[in-house]
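Below you'll find the structure, written out as structure tokens, and then a few comments.
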Amino acid sequence: MVGTATALLATVLLASGTPLISVGAGNALTLPAQRHGVRIDLGAGREPVWLLALQQSGVERRGLSLFRSDNGARSFRYMAPIQPDTSHHDRAELLAVGRDVAVVYSYESSSLSPSSRHDVYFQWWRYQSSSDTWTPEPAVRVFDSPNDKIAYSRALLARDSQGRLWIQAFRLEQNGRSTAVISVSTNNGSSFHAQPELDQVRRRGGGRLLSVGNKLVFVYGMHDGFEPARMRIRKDSDPLDTWEPVREAFPEGIYHGAALSAVADGQGGMHFVYKDESERLYYRRFDGSTFGPRTLLEDSRDWAMQPATTRVGNTLYVFYNRLKSSTSTYELRARVLRNGTFSEPVVLDSQKTFKGYLNAVDVLPAGSTEVPCFFGNAADASAQGTVSRVAMAAQGGEEAPPPDEEDPPSPGALLFSDDFSSPVSRGLGAAWTVKGLWYAKNGRAISDLDGEDVALASPSACADCRVDALVQHFAEDEAGVVLRAQGNARYTLLFLKNGRLQVRREVGSSVKVLGEASSGLSSSWDAVTLSFSARGSGPVELVASVNGQVRLTVVDSSSSALKGAGTAGLITPIAGVWFDGFRVHALEPDTVQP
């Protein structure tokens, strides 16, 4: 599976870490298994926004807070408190769902004692397009410690292929054992319902809950247990309370159960990087059923060594901190897994400081130019310091857009736009003509019928124009945008569940696929910005783009070509698809392709 190491091809962008945010300790980014940051594509050619949840431990009089970056995570600014109590060190895991962010937070520290304060909370942070910011909904308590005899901690969050939210945490019992508990929401986080306990370990527990394809996988262990790592799996199609039996994941265990970083591989499996009980760093791939053989990434041993991973297409970036000469001098290194082979390690930061727990976003889109990693930087683990940043150049290759691709046709005058910021329980408002069922909520247009759902914006009538929209169908079927809709005829751009694109001409029940191509994405789960342009009357040129990169250009020169003006809109055959950021622009005359 993984061959011998080869020379690293990447170019290191930063020779040392760049300080970002002041924190109370070098281990500010614990828990390693949690994802503290997300990257959100706002579409319409805008720079993506990065959000980072960080426990400042009283620095600047703040506790757990949310920070924002608009420049590729090169700098952050304070945005809002999540849990401001500086005496209760909660940590958060973030999950982007379209433009919104799901947050779970719970207590985390190097030690844990029973406390009625150690509860687990879930909270939505909703994107407000009118003010270009995120605002919180009321927090929902998922696990409640009713007295000072137990405690909940180390909460993790996953969203399955059917859109349900799952939260796993560990409950510290009076006898010192830890119970792995889990709860699920079937109503988008409004309420959670506890499910049967997953397992119990003899000491404080830790692990990772991850959605891979159509399954949930829970991999876990415990502090100083020197026992094999365990796992449980459930299929999303099974009844909610159904999990496969507990079984061994691999024999060498996981240091503290939580010294790990995992990411779905986009093919129904996951990449899993972990420190074992002997404090060495390993990699294994999970194929959807079992873990494959281990690959040693770092042979030195140290209590503070932790990994952070990011996947770009089929390439995995592994960051880790390595003890260099003393308890306060570490290097920050990286290795790259590509085509089954790990590169040699490269040093990203060799300054003589303690470099604490690392964190990174789980997946970056194809075509990304760099891969950032965040880490705690201080004189020692308990000293006040900063969260700092390093980055590697993305490897490119099959994930990067081909060099001969053009930009999407440049838009001219804005003809119509809708961010769906006004809730509408039926339809999408006076500007829209709909077929099927639609409603607007939380800044989205949402389809609500398993059938033909079409929404056309009446003020958008045009011939040579471009439509842009953020689309998320969760890999369920297909969804896309419409141009030149005239009676029962239209051009459509569809994002398919297999991650490919199709441009079609539809006239009544007659459907002609004019072209198909890869979207350039490894998964169709995430939200994407689709751009679709039409120009000309004989022939008609149609250009399809994903996240600002042209992926497909077709020419309709047939006698059936749709030559006149028509309306633009949204289309999908299933309920529960989200659309946002709808824009229709006229095309500039000078964007005609030769």
Is [X] positioned over the aromatic face of [Y], cation under 6.0 angstrom from the ring centre and no more than 45 degrees off axis?
X: R159; Y: F474; result: yes
X: K355; Y: Y330; result: no
X: R284; Y: F291; result: no

Considering only residues two or more places apart or on different chains, which pairs with a residue in residues 198-212 satisfy side-chain hydrogen bond (donor to acceptor under 3.5 Å, both in side chains)?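 Listed once each, the pairs are E93-R208, E108-R204, R177-Q200, T179-Q200, D199-Y220, D199-R230, R202-E227.
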
Check [Y] with [X], please: is the shortest side-chain N to carboxylate O separation under 4.0 Å?
X: E476; Y: K497; value: no
X: R35; Y: D362; value: no
X: E252; Y: K275; value: no
X: D238; Y: R234; value: no
X: D349; Y: R333; value: no
X: R335; Y: E298; value: no
X: D236; Y: K215; value: no

Side chains of [X] and [Y] only: does a donor on one sit below 3.5 Å from an acceptor on the other?
X: D148; Y: S116; value: yes
X: S278; Y: R280; value: yes
X: W125; Y: Q123; value: yes
X: Q351; Y: T353; value: no

Taking [X] for its side chain and [Y] for its backbone only, find out whether a donor-acceptor pair lies under 3.5 Å.
X: R338; Y: T315; value: no
X: R91; Y: A28; value: yes
X: T30; Y: N27; value: no
X: Q195; Y: S183; value: no

Evaluate salt bridge (Lys or Arg N to Asp or Glu O under 4.0 Å) for K235 paired with E244, printing each intermediate quantity in order. CA-CA 9 Å; K235 297 178 181 177; E244 293 180 8; 5.5 Å; no

Do the ring planes of W50 and F374 sit parallel (below 30°), tilted (30 to 60°) or perpendicular (above 60°)?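 Answer is perpendicular, since the angle exceeds 60°.
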
Qualifying residue, where the test is ring pair (Phe, Tyr, Trp, His ring centres under 6.0 Å) with F250 and the options are Y274, Y283, Y282: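 The residue from Y274, Y283, Y282 that satisfies ring pair (Phe, Tyr, Trp, His ring centres under 6.0 Å) with F250 turns out to be Y274.
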
Determine which pairs satisfy ring-ring contact (aromatic ring centres under 6.0 Å, His included) with at least one residue from residues 136-161, sequence neighbours left out, and list them in order.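 Non-adjacent pairs meeting ring-ring contact (aromatic ring centres under 6.0 Å, His included): F143-Y152.
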
